[in-house]
Amino acid sequence: MVTQNRVVSYPACVTQAFVIHFYGTGNLLILTAMAYDRYIAICCPLRYTSVMSSNNLIRLIVLIWLITFSMMFILFILLARFKICKTNIVDLYCNNPSLVKLVCEDTRVNNYFGIFTMILLMGGPLLLILYTYTQILRTCIITRHNDSRRKAIQTCGSHLVVFLCLQINTAFTLISHRFERVSPFLRKVFGVSVLVFPPILDPIIYGLKIAELKQSIILLIKRNIISAK
């Protein structure tokens with residue numbers, strides 16, 4: 001973007017695509033693990049310290065990145081079998097669907113594995129999120145402590161916004177590659193939003209819940225208004 005040079009080598013493009021998919025998948029699975037953590041904390045508070053112990057957390061983190069690496073490694077190994085016959089990337093950055101479109105050979109195996117990966121890595125977390133938040137909502141409804149109910153809903157609401165933002169944008173970006181009628185501009189916008197919005201929204205959504213940070217932001221805004229006058 002700085003040099004206005006839009007040319008990238010194929011190995012660099014594959015590397016960029018792998019890193020982006022690795023980041024997105026890991027982010028999605030971590031958000032899913034956070035939903036499970038909130039479910040245990042709100043619905044089973046007496047079991048929280050035993051279920052979410054340090055050893056179990058380490059195992060969970062290792063499992064998340066092991067699944068992420070394994071699925072992405074297989075995805076790009078399948079891609080590495082082919083030689084490209086085109087050079088124009090249809091998106092603003094390199095990703096697996098764009099790279100597959102550079103191949104003129106039979107890519108049915110890649111497409112089938114891509115569909116399987118989407119169902120597993122996006123459908124699985126979505127089902128777990130729906131289950132955990134249904135249980136959390138049920139617990140919040142039957143609880144008699146209004147303050148605890150408010151804190152639970154506030155905490156889970158911010159997490160749900162971040163998860164749905166990433167899930168919807170990623171799903172649209174990947175699925176749109178399978179339909180030629182989808183606007184290329186719209187696909188590019190959603191594709192970029194996957195990389196731009198989560199890093200921007202995460203600190204804002206989670207940070208505004210911290211009273212000290214909220215007060216500091218208010219003071220900063222007031223100072224800027226006063227100095228502008």
Side-chain angles (χ1 to χ4, degrees), residues 8-37 56-132 162-180 182 184 187-188 190-199:
V8 60
S9 66
Y10 183 68
C13 191
V14 173
T15 302
Q16 184 189 69
F18 180 85
V19 171
I20 289 174
H21 283 274
F22 188 81
Y23 154 77
T25 304
N27 198 1
L28 197 63
L29 294 181
I30 287 174
L31 288 171
T32 307
M34 290 172 64
Y36 178 73
D37 174 79
N56 287 341
L57 284 175
I58 293 173
R59 293 191 187 99
L60 184 61
I61 293 171
V62 170
L63 180 63
I64 286 173
W65 291 115
L66 184 62
I67 292 173
T68 301
F69 179 80
S70 300
M71 298 299 291
M72 294 305 103
F73 182 77
I74 296 172
L75 187 68
F76 283 89
I77 281 294
L78 291 174
L79 178 66
R81 301 175 301 152
F82 302 112
K83 291 184 178 180
I84 61 173
C85 61
K86 303 174 185 176
T87 57
N88 184 34
I89 294 291
V90 296
D91 284 336
L92 296 178
Y93 57 87
C94 299
N95 53 44
N96 182 67
S98 298
L99 289 171
V100 171
K101 288 184 177 181
L102 301 181
V103 178
C104 297
E105 302 175 47
D106 185 2
T107 58
R108 282 180 295 179
V109 175
N110 297 63
N111 290 328
Y112 294 150
F113 185 77
I115 294 173
F116 168 76
T117 302
M118 281 195 296
I119 294 173
L120 179 65
L121 297 180
M122 301 191 72
L126 183 60
L127 290 175
L128 185 59
I129 289 283
L130 290 175
Y131 172 77
T132 54
V162 174
F163 176 83
L164 289 177
C165 178
L166 179 63
Q167 178 89 344
I168 293 172
N169 288 355
T170 304
F172 182 87
T173 302
L174 295 177
I175 294 174
S176 65
H177 278 277
R178 302 182 179 276
F179 300 95
E180 296 297 333
V182 176
R187 185 179 62 239
K188 291 176 181 179
F190 273 85
V192 172
S193 68
V194 174
L195 303 179
V196 174
F197 287 139

(request) Among Lys101, Lys188, Arg187, find the residue that satisfies the side chain to side chain donor-acceptor pair (under 3.5 Å) test when tested with Asp91. (result) Arg187
(request) Might you work through the side chain to side chain contact (heavy atoms under 4.5 Å, CB included) test for Asn110 and Phe82, ending with a clear yes or no? (result) CA-CA 11 Å; Asn110 297 63; Phe82 302 112; 3.2 Å; yes
Gap separating the [atom1] atom of [X] from the [atom2] atom of [Y], nearest 0.5 angstrom:
X	Y	atom1	atom2	value
Leu28	Thr68	CG	OG1	9.0 Å
Ile58	Leu63	CD1	CG	13.5 Å
Leu31	Asp37	CG	CG	12.0 Å
Ile129	Leu164	CD1	CG	8.0 Å
Ile61	Leu66	CD1	CG	13.5 Å
Phe113	Leu78	CZ	CG	6.0 Å

(message) Apply side chain to side chain contact (heavy atoms under 4.5 Å, CB included) to residues Met72 and Thr117 and explain how you reach the verdict.
(response) CA-CA 9 Å; Met72 294 305 103; Thr117 302; 4.1 Å; yes
Would you find a donor on one side and an acceptor on the other, under 3.5 Å apart, between the side chain of [X] and the backbone of [Y]?
X	Y	result
Asn111	Thr107	yes
Arg178	Ile175	no
Ser70	Ile67	no

(request) Provide the full list of salt bridge (Lys or Arg N to Asp or Glu O under 4.0 Å) pairs with a residue in residues 108-127, sequence neighbours left out, each pair given once. (result) Asp106-Arg108
Do you know which two heavy atoms are closest between [X] and [Y], and how far apart they sit?
X	Y	value
Gly26	Ile64	O-CG2, 4.3 Å
Ser98	Val90	OG-CG2, 3.6 Å
Ala17	Asn95	CB-CA, 3.6 Å
Pro97	Leu174	CG-CD2, 4.0 Å

(request) Could you go through the side chain to side chain contact (heavy atoms under 4.5 Å, CB included) check for Met71 and Phe116 one step at a time? (result) CA-CA 10 Å; Met71 298 299 291; Phe116 168 76; 3.9 Å; yes
(request) Please check if any side-chain donor atom of His177 sits under 3.5 Å from a side-chain acceptor atom of Asn96, or the reverse. (result) no
Quick one: does [X]'s side chain get under 4.5 Å of [Y]'s, heavy atoms only?
X	Y	answer
Ile20	Leu195	yes
Thr170	Phe190	no
Leu102	Ile89	yes

(request) Could you pull out all residues at least two apart from Cys13 that satisfy disulfide (SG to SG under 2.5 Å)? (result) Cys94
(request) Carefully, step by step, assess Phe163 and Leu126 under the rule side chain to side chain contact (heavy atoms under 4.5 Å, CB included). (result) CA-CA 9 Å; Phe163 176 83; Leu126 183 60; 4.2 Å; yes
(message) Can you tell me how the ring of Phe69 sits relative to the ring of Phe73, calling it parallel under 30°, perpendicular over 60° and tilted otherwise?
(response) parallel
